[in-house]
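Working notes, structure below.
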Amino acid sequence: MNHNSTRPVGPLVIDIENITKDYVMGEEIVRALRGVSLQIHRNEYIAIMGPSGSGKSTLMNMLGCLDTPTSGRYEFNGRNVAEMDDDELAAIRNREIGFVFQTFNLLPRSTSLRNVELPLIYAGIDPETREEMAVRVLDEVGLGDRMNHKPNELSGGQRQRVAVARALVNNPSIILVTHERDIAAHARRTVHLRDGLIETDHAGFIPEVDLVALDRP
Amino acid sequence: MKRFLYELNESWRIAVAQMRSNMTRSALTALGVIIGIIAVTLMGTAVNGISIGFDNSMSVLGDDVLYVTQWPWKQVDDWWNYRDRKKIKTEYAETLNRMIERTPNSNLVVAVPTSSLFRSIKYGGNSVDNVFVLGTTSDFIVTSTIDCKEGRFFSDTESRGGASVVVIGYDVADALFPSENPIDKSVLINGQLFKVIGVNSRQGTFLGLFSWDSMVALPLGAFNKYFSSKSESDVRVKVKDKRKLAEAKDELTGLMRRVRGLQPEVKDDFSVNEQQAFKSTLDPVKNSIAVAGLFITGLSLFVGAIGIMNITFVSVKERTKEIGTRKALGARRRTILLQFLIESTALCLLGGFIGLTLAYLMCFGIEKAFPSFPIHFSLGLVFASMTVSVATGLISGFAPAWTASRLDPVVALRYE
């Protein structure tokens, strides 16, 4: 897996060198990643593509600090992720990474505002600041008038924008987006076409972050 | 610390939202706790009531009074050593009183003779059987907690003269004079007329234990004149300072040996008793009622707790994906643990609160319907059952919450 970028890049955010990941499935050892090296800088858009079973999801989990590699080096903003324990990983995910899941994974019984506030709660930010930040981001994705609606009261596109707002609210170093295969084929363009991201793009938000689009088999 | 508070707050909101969105399920689960708390609380009130009833009955005896009796109050294994004891005579009281007067710094105040038997009492068409008839002197009120609701106790003169007057207990008055004032009416005891001069205030009765409510007292002179045969006599002695009960007991034993003229090598042929002796035989009974009762009712709370644990496991299972999302967004293990602990605790608290309210209403109803039933609702009980509710929630929620907090975010996010 490699990538080319023609844009000017910022400082190194993700530095992966020769990581592997093995899963034990019964008696068999599945080697999901066999020595991946990857560098991602600030301001880069990266799409990770590959056939089914090629390890995209596994790599995504590594990049998102949801899992640690079996071997190899992973530095996130200069910090060694491979050695971190669960709670340290949780802190990295909370402050440095914004997730936009394919199914959005919004909390069904919470309003848009509460959904967007969630990462800030885990970051220990006080209620007033929290609400202020969440309102601002929701405004930026064009959902200022949908803040008190629950996910089932929103359209698919609006839900996605809530998910994007939730990913942006903590001002992370990297945003990870998982998309369908056919969309991933044109990852960058698609990302722009998706209504939520277009709103933020116009607001001048997106260019500040790198985006790794990873397709799922 | 701040973050902990925000997380706590967040967890509460989730818990409430969760209960609202799963009304039926939460209600059914809480029902288990409700029933458990009702059972435990009612048992608690009953245990409380029994304890108070015992103490109430016990207070009749007085904690600063020694009782000289033929046989000891407590159970003895060697009863054959006691069977030949001579009866206690009412005259001992006078002898004792003279001795007490002559003793400087005596720990004893006064000795009061009492004789008693059971008789029926009649007034007009009403009659009460098996009334405890007590013959005593006017000093009796010094040794006793009774006071008169109406009228008065008999005087020294009436007592010495053996006047035909009587002071009756509350229940006796109630039965004989349902709609009249008993004072100055004459009642028939054993074919003899006695004038009612006083009615005792209500003391309350419990499990058939002794109560002033069902007794009458009359002067010893009159008692001896009309029903001297087959009566039981003992002497009660008031103690000056109840903190020196042991010394007083020794002193009284010494005096009684002199009254009985016992040689130093001869064992006592009488017993000096105190309230405590009676209490120590009753306390184990009281305690075993409490332990057995609370254990059995505790089982129903245990079943409720299992229900809570079960539902929390279900909740963790069906919200696995949510847990994964929360972890991805930065929730730490502790946060997830807290969230589910609070959910189970909130459910238990809700159940506890409803259960307590219902139990209170039941107590209220029982008290209204059966005033004599020993039941006592206290603030301590409220705290206790709320504490038990919270503890139940924490304990039953811990295993599921722990499972949730240990979930691997990758696995949890993939869960469908």
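Reminder, nothing fancy here: chain letters follow the sequence lines and each chain counts from 1.
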| note | Closest non-hydrogen contact found for Arg109(A) with Ala17(B) is CD-O, 4.2 Å

| What are the two closest non-hydrogen atoms of Ala90(A) and Ala331(B), and how far apart are they? | CB-O, 3.8 Å

Quick one: what part of [X] sits under 4.5 Å from any heavy atom of chain B, side chain, backbone, both or neither?
X: Ser110(A); answer: neither
X: Asn170(A); answer: neither
X: Leu118(A); answer: side chain
X: Leu107(A); answer: side chain
X: Ile92(A); answer: neither
X: Ala123(A); answer: backbone

| Heavy atoms, side chains only, cut-off 4.5 Å: are Leu89(A) and Arg332(B) in contact? | no

| message | Can you confirm whether Glu7(B) sits close enough to Tyr122(A) that some side-chain heavy atom of one is under 4.5 Å from a side-chain heavy atom of the other? | response | yes

Could you tell me whether [X] atom [atom1] has more than 12 heavy atoms of other residues or ligands within 6.0 Å of it?
X: Phe353(B); atom1: CZ; result: no
X: Phe302(B); atom1: CZ; result: no
X: Lys150(A); atom1: NZ; result: no
X: Ile29(A); atom1: CD1; result: no

| request: Report the C-alpha separation of Arg114(A) and Glu10(B) in whole Å, then their side-chain angles, then the decisive distance to 0.1 Å, and conclude whether the side-chain contact (heavy atoms from CB on, under 4.5 Å) test is met. | output: CA-CA 10 Å; Arg114(A) 305 264 312 130; Glu10(B) 161 78 3; 2.6 Å; yes

| Partner chain B: residue of Asp126(A), Ile97(A), Asp67(A), Leu106(A) with the largest heavy-atom pair count (under 4.5 Å) | Asp126(A)

| note | Turns out that what part of Arg326(B) lies under 4.5 Å from chain A's heavy atoms comes down to both

| task | Starting at OH of Tyr6(B), measure out to CD1 of Ile125(A) and round the result to the nearest 0.5 Å. | result | 9.5 Å

| Straight-line distance of Asn115(A) CG to Thr325(B) OG1, nearest 0.5 Å | 9.5 Å

| Would you say Arg93(A)'s side chain and Lys327(B)'s backbone share a donor-acceptor pair under 3.5 angstrom? | yes

| field | Side-chain donor or acceptor of Asn94(A) paired with backbone N/O of Leu329(B) under 3.5 Å | value | yes

| If you tally heavy-atom pairs under 4.5 Å against chain A, which of Pro409(B), Gly324(B), Ala328(B) wins? | Ala328(B)

| field | Worked check of salt bridge (Lys or Arg N to Asp or Glu O under 4.0 Å) between Arg333(B) and Asp86(A) | value | CA-CA 8 Å; Arg333(B) 281 182 174 174; Asp86(A) 279 8; 2.4 Å; yes

| request: Could you walk me through whether Thr103(A) and Lys321(B) pass side-chain contact (heavy atoms from CB on, under 4.5 Å), step by step? | output: CA-CA 11 Å; Thr103(A) 49; Lys321(B) 195 158 190 173; 3.7 Å; yes

